[in-house]
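Below: one structure, written as structure tokens.
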Amino acid sequence: MRISRLATSSALTLMGLASAVSAFASNKNGPTDGDIGLQRAVTPVMDSIADFNVFLVWIMVVITLLVTVLMVVILIKFRASKNPNPSKTSHNTMLEVVWTLVPVIILMIMAVPSMKLLYYQDVIPEADLVVKVTGNTWNWEYAYPDHENVDPYISNIVDIPNDEKLGLSHAQIIAKIDARPAGEPRLDGRPYLFASDAALVVPVDTVVKVLVTSNNNIHAFAVPQFGVKIDAVPGRINETWFKVNAGEEGTYYGQCSEICGVNHSFMPIEVMVVSKAKFADWIANDGQFSTQYSQNINGAVKTAAAK
Amino acid sequence: MSDAYDDHKPKFFTRWFFSTNHKDIGTLYLIFGIISGLIGGYLSFMMRMELMEPGMQYFSSPHDFSMFASMHGLLMIFFLVMPSLIGGFGNWFVPLMIGAPDMAFPRMNNLSFWLLPVALICLIISMFVPGTASGNGFAGGWVMYPPLSTSGHPGPAFDFVIIGLLAAGFASIFGAINFITTIFNMRAPGMTIHKMPLMAWGVLVTSWLLLLSLPVLTAALIMAFTDRNAGTGFFDPAMGGDPEMFQHLFWFFGHPEVYIMILPAFGIVSHIVSTFSRKPIFGYLGMAYAMVAIGVVGFIVWAHHMYTVGMDVDLKAYFLAATLIIAVPTGIKIFSWLATMWGGSIRMTIPMMWAQAFIFLFVIGGVTGVYLANAGLDTAVHDTYFVVAHFHYVLSMGAVFGIFAGFTYWFGKMSGYLYNKWLAAAHFWSFFIGVNLVFFPQHFLGLQGMPRRYVDYPAEFAFWNKVSSIGAMVTLVGVVFFIIWLIEAFIVKRKAADNYWGEGANTLEWTLSSPPPFHQYSVLPKIK
């Protein structure tokens, strides 16, 4: 009795955990302190990743539970004080065949949606816009090869020098940054370590193909809410894509995801997703954006609206 | 008895520095493993303290933090886990368990060990010589990817790392040759390969993996070395080279390496589960050949560490499928351990607690491994803390729990003394709770998107980082209890009987005295 109650209660705890991991805690963008699941999906690829994640988390929880409960039951049921004479069984061909075949079947069931996800993610559809992302030590360079009038521009973190940081809390660092005169890069409420001085600007509901390369060390371009992560490797151009769901205009954040040297922690990716009309305006009015900092309208940087 | 023949005890210096005795060399390996583990543990503890709060509290330069992270990985893998499991327990117990008087090549055994302190000294020197313009030491991660490790580290630090790892690599290759020869040629009469204890099977498969994978790492490291110092361009795209070639070579070694670290632990856990259930291991042949299967498949899955480098999608699909297959033999092992205990007469001794925790934690590390094998899903968590959590569940809790299981199981056999049960239990519980607190929350951090190897993180990752760092403090308590019980056992000197675990412990080492005579089996045991 005690065993079954223990098993039930631990099962319930783990299942609660599983649904928490698979559920989205909030509608906000970026990570949330204390959350235990993926960030909110805003592209079809990330939607598929999130769905598959739920499926796999359940499989993981059920398998872990099965083994744990079985183990606890065995340890209690066959303790030496209760079972002084051990059995001599050391073979059971049927059992061995079953515990080989059942995992094979589970894995085959898992492989089907996994392959579907992989090919959906990796086969790039006809693109409406191409952006080129180049990793430098330690910032990102964004270019729009389709729009020659837009000069490539560098995106740096909004931060203070590393040697001034020792012992300062984030609040103190943020205060220092925001004390700068207008026109210099400031945070103005945007998240520290995520915010940059020049966001990548893309339109909503548009297939964007991203070409990724690097000038020196390997970096990785990652935006968790887009389901995008691809290495920036010197000497080759990698490709990936995303299409932000309609109605999901906003600013999204990612961080360099391959160790690239001293400022690996300090080269965030900020993507500003705007309406198609606003993006057309941004393209038409380019040129001034490569050098000028904006008023951070809607948490964004360098927008055409600044002029 | 005939065992007393030539049972001379060489003087201290001759015995420990020129040793050709497998048990003494095993002891040296274990002492070496403990020392490296303490240094590697210190590095990780400092990292956890830095990450306890957002901001930079202890490290004035992010370079130093990355250097600590890189050295932590290299020390724990090459200088704690491998020396302890293979060099330590392998040397001590493979000859004893298969009924051999010693290893096949005792002098090469000596060389295998003494290359390691040289290697460790090279790595420690590397921490104090210039690495990059930002600081001393090598800070490119334990994976050492160029161009960061080549043009990104102009100082001599990485050259010291390369030399150190080459020395450690040769040490392991010599050790592997020694084990393979010993196991194939020096089994006692009647000890057929299908009667051989699973620990010997684990070390045999591991040795093959070492022998076939380490030369590839050696080649990759030498190519990196000449890229740095002789003007070659193997990994430099400007000279027609390819930085991703290094990653392929590294992981062709790196993935078998994962099994190198866990297979001997599988062997140890099998003996402990069998001993304390007082039952023979369930499905012995399945267990042995599951290890062989893991070893073979382990060679053809390496690129699942590289899903985001921009590989062809069909290639990713292959590596996805191949990787999933590994779950099958691993599952066989887990179920066979449970079936061994089923119907047994189970005693929860200290080594049994470590072994049960090993099984439980290895299942968690295993299912997250299956999760990561799915290339599409890996995009979300690649190079995040989810990966850190996963591989610490199989290493920090798999391999290291295997080491502690073996250490508490055989401590009396090796030293001749029994340890204090309560101190050892305190060690187990604080360590178990500690490492789980450290690493379980890191799954959540990874799912939320926190990248690895970050010295500072956005405030949104603060909560679970704090929990993780508190876990590090609990783990430190566990380490202190370990040192206390170790010292206490040598001070109090409770004599251990020949077979202090009693019925159930029936491999050959339990037929010998504790500790065994300096030379054993001068008359070979016969196995029925």
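Worth knowing before you read on, the calculation uses all heavy atoms, side chains too, and leaves out hydrogens, waters and symmetry mates. Each chain gets a letter, A, B and so on, in the order the sequences are listed, and its residues count up from 1.
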Is chain B contacted by the side chain of [X], its backbone, both, or neither, given a heavy-atom distance below 4.5 Å?
| X | answer |
| --- | --- |
| A/V45 | neither |
| A/S169 | neither |
| A/L168 | backbone |
| A/I106 | neither |

Self-check item: Pair B/Y371 + A/W58: ring centers closer than 6.0 Å
Solution: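 No, ring centres 6.0 Å or more apart.
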
Exercise. For this output row, return yes or no: ring centroids of A/H91 and B/F282 closer than 6.0 angstrom.
Key: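 That pair fails the under 6.0 Å test.
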
Does [X] use its side chain to pair, donor to acceptor, with the backbone of [Y] at less than 3.5 Å?
| X | Y | answer |
| --- | --- | --- |
| A/W99 | B/F335 | no |
| A/D33 | B/A462 | yes |
| A/N83 | B/G343 | yes |
| A/N238 | B/V309 | yes |

Practice problem: Answer yes when B/D383 and A/K229 have at least one side-chain N-carboxylate O distance shorter than 4.0 Å, and no when they do not. | Solution: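 Salt bridge between B/D383 and A/K229, a charged N being under 4.0 Å from a carboxylate O: no.
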
Practice problem: Among B/P243, B/G286, B/G366, B/G449, single out the residue with the greatest number of heavy-atom pairs under 4.5 Å to chain A. | Solution: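 The candidate making the most pairs under 4.5 Å is B/P243.
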
Quiz prompt | Leading residue by heavy atom contact count with chain A [cutoff under 4.5 Å; candidates B/M352, B/M67, B/M341, B/R452] | solution =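 Greatest number of close heavy-atom pairs with chain A: B/M341.
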
Practice problem: Compute whether any side-chain donor of one residue and acceptor of the other, for B/T379 and A/Q121, lie under 3.5 angstrom apart. | Solution: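 Note: B/T379 and A/Q121 side chains meet the donor-acceptor criterion.
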
Exercise. Could you look at B/F65 and say if it's the side chain, the backbone, both or neither that has a heavy atom under 4.5 Å from chain A?
Key: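 Contact with chain A is absent: no heavy atom of B/F65 under 4.5 Å.
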
Quiz item: So which part of B/Y307 gets closer than 4.5 Å to some heavy atom of chain A, the side chain, the backbone, both or neither?
Solution: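 Contact with chain A involves no heavy atom of B/Y307 at all.
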
Practice problem: Evaluate the side-chain hydrogen bond (donor to acceptor under 3.5 Å, both in side chains) criterion for residues A/D231 and B/T308: first the C-alpha distance (whole Å), next the side-chain angles of each, then the deciding distance (0.1 Å), finally the verdict. | Solution: CA-CA 6 Å; A/D231 285 2; B/T308 63; 3.0 Å; yes

Quiz prompt | Test salt bridge (Lys or Arg N to Asp or Glu O under 4.0 Å) applied to B/D242 and A/R236, step by step | solution = CA-CA 9 Å; B/D242 184 358; A/R236 67 168 69 190; 2.9 Å; yes

